[in-house]
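Below: one structure, written as structure tokens.
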There are 2 protein chains.
Amino acid sequence: MGVRERKARDRKEMRDTILKSAYRLFLEKGFDDVSIRNVAEAIEYSPATIYLYFKDKNEIIHALHSQGFGLLNKHFQPLYKISDPFKRLSEMGKAYIRFAIKNAEMYKLLFVRSEPMEHLAGCDDKNWEEGDSAFDALSQTIAQCQQKGYFKKFDTHQFSMMVWSFTHGLCALRLSGHLGHVKEEREGKRKLDQIMNETLETFIHTLEKLKQ
Amino acid sequence: MGVRERKARDRKEMRDTILKSAYRLFLEKGFDDVSIRNVAEAIEYSPATIYLYFKDKNEIIHALHSQGFGLLNKHFQPLYKISDPFKRLSEMGKAYIRFAIKNAEMYKLLFVRSEPMEHLAGCDDKNWEEGDSAFDALSQTIAQCQQKGYFKKFDTHQFSMMVWSFTHGLCALRLSGHLGHVKEEREGKRKLDQIMNETLETFIHTLEKLKQ
DNA sequence: TGTTTTTATAAACACTGTTTATCATTTAAC
DNA sequence: GTTAAATGATAAACAGTGTTTATAAAAACA
């Protein structure tokens with residue numbers, strides 16, 4: 001009696017179809033400009049059908065949110081091969097920024113939007129593996145830096161929060177369009193990517209001076 | 001013939017009434033949950049009347065955006081009395097964070113939303129006094145720090161961008177609800193304000209070590 | 001076969017930003 | 001003071017949104 005199994009498969013398939021289509025539309029049109037009706041039209045079903053597979057729009061957002069963290073963790077994977085922890089930290093910064101620029105809408109969903117966090121707060125299950133995993137990668141690298149003599153007098157967790165704050169701030173300012181509107185950047189003709197690289201380099205140099 | 005003058009006064013008064021009412025509603029309900037109809041109802045006029053005084057919703061947003069930068073600059077005013085530049089820099093960080101928390105919706109409008117920046121990009125007049133003024137206050141303080149021996153080998157502008165990125169990042173993570181969802185913060189029972197203070201202190205200590 | 005459960009949808013509800021045609025009031029001109 | 005033009009305000013409509021509900025078709029089970 002494989003009917004239940006097949007139905008479960010069909011259901012998952014439909015959910016995937018919806019998510020895939022929604023994500024493609026989000027990349028095309030930006031997050032705020034995609035409606036349930038758009039998604040429904042793209043998969044050639046009626047809008048009401050979407051609600052048979054997802055409770056509401058927030059559940060779709062949250063599902064994509066989870067997928068996005070998986071994507072981010074994948075982007076970090078190659079960096080774990082770098083043995084020098086400070087070099088790895090530096091490359092993690094660059095990779096984080098690359099991810100934010102290449103997947104702008106997804107980055108906003110992961111770290112700028114507050115809906116996913118509110119949804120998470122409503123869940124009973126307070127564990128949040130995807131998010132923790134990314135932050136742990138940073139914390140562990142910083143702990144290893146400390147073993148090599150960097151930022152020795154600092155608390156590992158607090159220092160990680162500091163590094164994350166900086167890197168996120170830089171990405172957020174870029175994605176919201178604020179970077180290019182600072183006077184010096186308006187007048188100079190540096191490209192946004194260059195500004196970000198220089199600012200990151202400045203931060204890295206700052207950290208570099210904290211050895212011993 | 002003071003008719004034109006009186007009409008201009010009336011017009012400005014109506015615009016102020018609309019803006020004041022809109023801002024009050026934004027503080028109450030959050031930015032996304034305020035509609036033109038809400039504003040119209042609050043001032044006891046029809047929705048269509050709003051469009052006699054503002055081209056569209058974006059123009060209201062932009063007007064509030066300008067007012068918001070005025071408010072931020074006012075918050076910084078008292079700090080200019082502090083003669084020690086590094087102490088002033090440190091206090092500016094605290095003041096910035098206080099402003100972001102106390103005026104959360106306004107902060108999001110000023111630094112998180114991209115609409116105002118897009119609106120600004122569409123304007124012919126590329127000058128943007130309010131925004132420049134706030135950033136200049138930071139740059140000048142950092143330049144004075146450098147004269148006192150701090151971060152001497154760094155470019156003033158790039159260092160300012162770095163400091164702003166960190167501070168904004170911390171505020172943005174707080175306002176989007178991401179701060180409290182880091183594993184250590186979920187498990188520990190530190191309050192968000194305390195986390196922010198500790199992270200800012202970590203950053204200040206980092207900068208402090210860059211003397212000479 | 002008949003009955004129940006599942007799946008899909010059209011239509012509706014209560015919203016949104018914005019535009020247009022209409023009406024009343026105020027200003028200007030004679 | 002009367003008339004014509006400009007202004008101010010609005011009701012109604014348009015096209016869109018997220019979501020719910022009643023209805024019809026299809027599939028699963030007995």
Side-chain angles (χ1 to χ4, degrees), chain A residues 1-19 21-23 25-26 28-65 109 113-116 118-119 122, chain B residues 1-19 21-23 25-26 28-65 109 113-116 118-119 122:
Chain A
M1 200 177 284
V3 175
R4 262 229 307 263
E5 285 79 358
R6 197 211 65 212
K7 285 219 171 187
R9 257 199 333 269
D10 283 358
R11 188 174 171 79
K12 193 167 189 175
E13 208 171 295
M14 184 65 154
R15 277 179 66 102
D16 281 352
T17 305
I18 292 170
L19 286 179
S21 195
Y23 184 51
L25 285 172
F26 286 150
E28 274 176 31
K29 307 171 64 172
F31 229 90
D32 286 317
D33 297 332
V34 175
S35 68
I36 296 286
R37 282 174 175 84
N38 295 153
V39 178
E41 194 176 6
I43 63 171
E44 295 180 304
Y45 277 82
S46 91
T49 304
I50 307 278
Y51 289 87
L52 297 178
Y53 296 90
F54 291 92
K55 183 176 154 274
D56 52 22
K57 200 178 181 181
N58 279 334
E59 199 175 305
I60 297 179
I61 288 178
H62 187 254
L64 290 176
H65 183 89
L109 180 62
R113 292 255 165 188
S114 48
E115 295 96 325
E118 287 160 9
H119 187 274
Chain B
M1 200 175 285
V3 175
R4 262 229 308 263
E5 285 79 355
R6 197 211 66 210
K7 286 219 171 186
R9 256 198 335 269
D10 283 0
R11 188 174 172 77
K12 194 166 188 174
E13 207 171 297
M14 186 63 155
R15 276 179 68 100
D16 280 352
T17 305
I18 292 170
L19 286 179
S21 195
Y23 185 50
L25 284 172
F26 286 148
E28 274 175 30
K29 307 171 64 173
F31 228 89
D32 286 318
D33 297 332
V34 175
S35 68
I36 297 286
R37 280 174 175 83
N38 295 154
V39 178
E41 194 175 7
I43 63 170
E44 295 180 304
Y45 276 82
S46 93
T49 303
I50 307 280
Y51 288 87
L52 297 178
Y53 296 90
F54 291 93
K55 181 177 157 274
D56 54 22
K57 200 178 180 182
N58 279 333
E59 198 174 306
I60 297 179
I61 288 177
H62 187 253
L64 289 176
H65 184 88
L109 180 62
R113 293 256 163 187
S114 48
E115 294 96 326
E118 287 160 9
H119 187 274

- Task: Answer with base, sugar-phosphate or nothing: what part of the nucleic acid does A:V34 contact at a heavy-atom distance below 4.0 Å?
- Result: sugar-phosphate

- Item | Polar pair under 3.5 Å, donor/acceptor by atom type, side chain A:R37, base D:dG16 | no

- A:N38, A:D33, A:D32 screened by side-chain contact (heavy atoms from CB on, under 4.5 Å) with A:S35, the one that passes: A:N38

I'd like a table of atom pairs between the protein and nucleotides 19-21 of chain C - only N or O on both sides, under 3.5 Å - with the distance next to each one.
none

- Query: Can you find a side chain N or O atom of A:N38 that sits less than 4.0 Å from OP1 or OP2 on D:dT17?
  - Reply: yes

- Check whether any side-chain N or O of A:T49 sits under 4.0 Å from OP1 or OP2 of C:dA8, and answer yes or no. no

- OG1 (B:T49) and CD (B:E44) are apart, to the nearest 0.5 Å, by 12.5 Å

- Measure the spacing between NZ of A:K55 and NE2 of A:H62 and express it to the nearest 0.5 Å. 12.0 Å

- Message: Any side-chain to backbone donor/acceptor pair from B:R15 onto B:Y53? Under 3.5 Å, distance only.
- Response: yes

- Task: Could you check if a side-chain atom of B:I18 sits within less than 4.5 angstrom of a side-chain atom of B:M14, using non-hydrogen atoms only?
- Result: yes

- Message: Rounded to whole Å, how long is the line connecting atom CD1 of B:I60 with atom C1' of C:dT18?
- Response: 12 Å

- Does A:N58 reach the main-chain N or O of A:I61 with its side chain, forming a donor-acceptor pair under 3.5 Å? no

Anything under 3.5 Å between a protein N or O and an N or O of nucleotides 5-8 of chain D, put it in a table, one pair a line.
residue	atom	partner	partner atom	Å
D:dT7	O3'	B:K7	NZ	3.4

- Message: One pair to check against salt bridge (charged side-chain N to carboxylate O under 4.0 Å, His left out): A:K12 and A:D16. What are the steps and the verdict?
- Response: CA-CA 6 Å; A:K12 193 167 189 175; A:D16 281 352; over 6 Å; no

- Query: So what does A:S35 touch, heavy atoms closer than 4.0 Å: a base, only the sugar-phosphate, or nothing?
  - Reply: sugar-phosphate

- Message: Tell me the interatomic distance from A:F31, atom CZ, to D:dG18, atom P, rounded to whole angstroms.
- Response: 12 Å

- Task: Specify the separation, in whole Å, of atom CD1 of A:I50 and atom C1' of D:dG18.
- Result: 12 Å

- For B:D33 and C:dA14, what is the distance between atoms CG and P respectively, to the nearest whole Å? 19 Å

- Note on the structure: When rounded to whole Å, the CZ to P distance for the pair B:F54 and C:dT18 reads 13 Å

- Task: Send over the distance from A:D32 CG to C:dG17 C1', rounded to a whole Å.
- Result: 14 Å

- For A:D10 and D:dA26, what is the distance between atoms CG and C1' respectively, to the nearest whole Å? 14 Å

- Write down the distance between CD1 (B:I36) and P (C:dG17), rounded to a whole number of angstrom. 5 Å

- Please tell me if the side chains of B:I50 and B:I60 come closer than 4.5 Å, counting only heavy atoms from C-beta onward. yes

- Message: Would the distance check show the side chain of A:T17 and the main-chain N or O of A:E13 forming a donor-acceptor pair, the cut-off being under 3.5 Å?
- Response: yes

